[in-house]
Number of protein chains: 2
Amino acid sequence: MNYPVFAVTVDLVVLTVREGELKVLLVRRGLEPYLDRWALPGGFVHADEDLAAAARRELAEETGLAGPGGHLEQLASYGKPERDPRGRVVTVAHLALLPDLPTPTAGTDAAAAAWRPVDQQDLAFDHHRILADGIERARSKLEYTPLATAFCPPEFTIAALRQVYEAVWGEPLDPRNFHRKVTTTPGFVEATGRSTEGGPGRPAALFRRGAATLLNPPILRRGTR
Amino acid sequence: MNYPVFAVTVDLVVLTVREGELKVLLVRRGLEPYLDRWALPGGFVHADEDLAAAARRELAEETGLAGPGGHLEQLASYGKPERDPRGRVVTVAHLALLPDLPTPTAGTDAAAAAWRPVDQQDLAFDHHRILADGIERARSKLEYTPLATAFCPPEFTIAALRQVYEAVWGEPLDPRNFHRKVTTTPGFVEATGRSTEGGPGRPAALFRRGAATLLNPPILRRGTR
DNA sequence: TCCATTCTCGTCACTCTGACGATAACGGAG
DNA sequence: CTCCGTTATCGTCAGAGTGACGAGAATGGA
């Protein structure tokens, strides 16, 4: 059988919410092509490795290890013949959503990795497109899944969850309506009985993620309606 | 640079609605492995070909040419090391939705292609999983996009559109509420002024697909709520 | 002419949502 | 210790959307 030969890579769109803003993990390229340009972290899929396993491995290498929590899913594949000047490379992009706490951008591998604003320009290869697709996927997933909890630590307040939505969607939400919505949607979050202490204002109840995998009804953003 | 070598294929989940049921286009394999088993149509991506272009080419080869109308989008990629016993093959699955009319399953390429029920068992490779993912994607897309029109000819009745939903979702819908929903959602369909003639019952107005790309609010299936 | 069939329009109760008022529970200033 | 700013939480209310279903309109066939 005769067929062309490809290299297959995994690229990661790793998102988190820091300082009230959506950030993406980028690395500065240390070699040609696109030397010194920001790029999505990624690497070649090994010879005996599943795509998902390669994505998990790269994520662990770049972030030091994404502890529990967080979320990783396949995003899409990109394979234009000219996307990599070195040869025919198809990349299977993955989307990762992580809580802020874990890793201050300093893994084993990442030479110069940093959390950057998601409107970063001049990315290497077709990574701008991949990033845009990843962000849109994340925004969309927040509408009809409880995945916003992947951005939060194991226990979180409703306000923290709301700030995730506001950061990802880039629009303010009414705290009272959001509170009602989240607490009345079965399986979205469940109360822990504990609450915060020390901060300004009234202490807030702490929740953990619930068992639901789909939100019914969905929480729709303004832009979509 | 040292990296493993892959073959990259495109596999197609081609869906249509025939005789009130959701059908998938399958081909009988004429060679090992999985000789004589049903499989998704597909083939290798050419050396200088984009993934989307490869998918369009395969679709044209298998269906004789999917005329205007219809819809093609990337579904997901599958790359378990052992998924093809002949070597390391990553497949980029695509999802196609076609109106019934065009092709009675007899293209240039397809040796033995046929429209089969979507619960077909014993597919080759990991095609059962790919098919399941494709069907779920289609069901989901009907909820929040006007993509059901891709299953219909250029002009169609509301009843025909409803039958698409019923076939894809496998559940009956109230004709009156569906009619209200579709006609009041801006951009879903637009009236042509013409209507059907000859059939039983009152003639039905004919519509064409509207300009909307997203349904607001979505049409949710029972199973999801 | 009557009838079965299918399309289309209406009605009504119920739920959900957005906008927003009001109260609760804290820390800190005076 | 009281007042006050801040944040969390609960309530209220009108309007939109939906499911369930009645009823009339427009056809072909018995």
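Note on naming: letters A, B, ... go to the chains in the order of the sequence lines (proteins, then strands), and numbering restarts at 1 for each one.
Atom CG of Leu220(A) and atom C1' of dG18(C) are 13 Å apart (whole Å). Note: CG (Asp174(A)) to P (dT7(D)) measures 15 Å, nearest angstrom. For the pair Phe178(A) CZ and dC20(C) C1', the interatomic distance rounds to 18 Å; values are reported in whole Å. If you take CZ of Phe156(B) and C1' of dT6(C), they are 18 Å apart, rounded to a whole angstrom. Per the geometry, CG belonging to Leu215(B) stands 11 Å off P belonging to dT18(D), to the nearest Å. To the nearest angstrom, P of dA19(C) lies 11 Å from CG of Leu173(A).
Looking at heavy atoms from C-beta onward, Phe151(B) lies in side-chain contact with Val168(B) at the 4.5 angstrom threshold. When side chains are defined from C-beta on, Val8(B) does not count as touching Ser77(B), because their heavy atoms never get closer than 4.5 Å. Contact of the Leu206(A) side chain with the Thr196(A) side chain is registered, since non-hydrogen atoms from C-beta on lie closer than 4.5 Å. For the pair Val189(B) and Val182(B), the minimum side-chain heavy-atom distance is below 4.5 Å. Within the 4.5 Å cutoff, side-chain heavy atoms of Pro217(B) are placed close to those of Lys181(B).
Both Leu206(B) and Gly201(B) lie close to DNA chain C; mapped to their nearest nucleotides by heavy-atom distance, the more 5′-ward contact belongs to Gly201(B). With DNA chain D read from its 5' end, the first of the two nearest nucleotides for Ile219(B) and Pro200(B) is the one closest to Ile219(B). Residues Pro175(B) and Asn177(A) each lie close to DNA chain C; by heavy-atom proximity, the contact nearer the 5' end of the strand is made by Pro175(B).
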Which protein N or O atoms sit under 3.5 Å from an N or O of nucleotides 21-24 of chain C?
unit_1, atom_1, unit_2, atom_2, d
dG21(C), N7, Arg176(A), NH1, 2.7
dG21(C), O6, Arg176(A), NH1, 3.3
dA24(C), N3, Arg202(A), NH1, 3.3

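Here the side chain of Ala204(A) is nearest to one of dA20(D), dA19(C), dT9(D), namely dT9(D). Proximity note for Pro203(B) (side chain, C-beta onward) versus dT27(D), dG18(C), dG17(D): the nearest is dT27(D). If you check dT11(C), dG18(C), dT8(C) against the side chain of Arg180(B), the one that comes closest is dT11(C).
In this structure, the separation between CD on Glu143(B) and CG on Leu215(B) is 10.0 Å, given to the nearest 0.5 Å.
Contacts between residues 158-172 of chain B and DNA chain D, defined by a heavy-atom separation below 4.0 Å, involve no residue at all.
The environment of His128(A) atom NE2 is sparse: at most 12 non-hydrogen atoms of other residues, nucleotides or ligands sit within 6.0 angstrom.
Tyr78(A) pairs with exactly one of Asp126(A), Asp11(A), Asp133(A) by the side-chain hydrogen bond (donor to acceptor under 3.5 Å, both in side chains) rule, that one being Asp133(A).
Between the side chain of Arg222(A) and the base of dG18(C) there is no donor-acceptor pair of N/O atoms closer than 3.5 Å.
Ring-plane geometry between His127(B) and Phe125(B) is classed as tilted, the angle between the planes lying from 30 to 60 degrees on a 0 to 90 degree scale.
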